[in-house]
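I have placed the structure first, in the form of structure tokens, so that the comments after it can refer back to it.
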Amino acid sequence: KIVVPALGLDFADGQFRGNGEPSSWIAKSDQLGICNGLVLDVRTVGCRGGLMATNQFLACHQRAQHWRWLSGGGVNTASDVLTWIDIGCEAVLVATALSPKFGHPHHK
């Protein structure tokens, strides 16, 4: 079994939901040898709200370009996935596009 620790940075409507600033969380995690991060806008997970955390993702990615970054939330289409990849994501969470409440064909 391989365990890969990752720092989760949750945002809601563009505002960081943790204590302090994301940059301090990134710096502390870097000191501990954690070099993976997940940026989400929790208001868009499982919704067709679109890609709301791109600016927050870009700021975090800029702070730690050597990290492996993941994101998602509101991913509806392959174009959404490509947008995340184009701005630096190495992995993208895809849940909304597969949700039965949005009529994914495998759930009909």
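All values derive from a computational prediction rather than experimental measurement.
One distance of note links CH2 of Trp25 with CG of Leu7; it measures 7.5 Å at 0.5 Å rounding. Rounding to the nearest 0.5 Å places CZ of Phe57 at 10.0 Å from CG of Leu38. Separating the CH2 atom in Trp84 from the CG atom in Leu93 is a distance of 9.5 Å, to the nearest 0.5 Å. Interatomic distance, SG of Cys89 versus CG of Leu82, reported as 11.5 Å (0.5 Å rounding). Note that CD1 of Ile26 and SG of Cys35 are 12.5 Å apart. Values are rounded to the nearest 0.5 Å.
Shown here are the side-chain contact (heavy atoms from CB on, under 4.5 Å) partners of Gln65, two or more places apart in sequence or in another chain: His61, Gln62.
For Val42 against Ala12, the heavy-atom pair with the smallest separation is CG2-CB, 4.0 Å. Taking both residues in full, the closest heavy atoms of Gly37 and Trp67 are given as N-CE3, 3.7 Å, listed atom of the first, atom of the second, then distance. Listed here is the closest heavy atom pair of Ser71 and Leu40: C-CD2, 4.4 Å. For the residue pair Gly14 and Gln56, the shortest heavy atom distance occurs at CA-NE2, 3.0 Å.
Identified under the salt bridge (charged side-chain N to carboxylate O under 4.0 Å, His left out) test for residues 9-25, with sequence neighbours left out: Asp13-Arg43.
Between Leu9 and Trp69 there is a side-chain heavy-atom pair separated by less than 4.5 Å.
More than 12 heavy atoms of other residues, nucleotides or ligands shown are found within 6.0 angstrom of CG on Asp86.
Following chains of ILVMFWY side-chain contacts shorter than 4.5 Å, one can reach Val92 starting from Leu58, so the two form part of one hydrophobic cluster.
Note: Phe16 and Phe11 have tilted aromatic rings, judged against thresholds of 30 and 60 degrees for the angle between ring planes.
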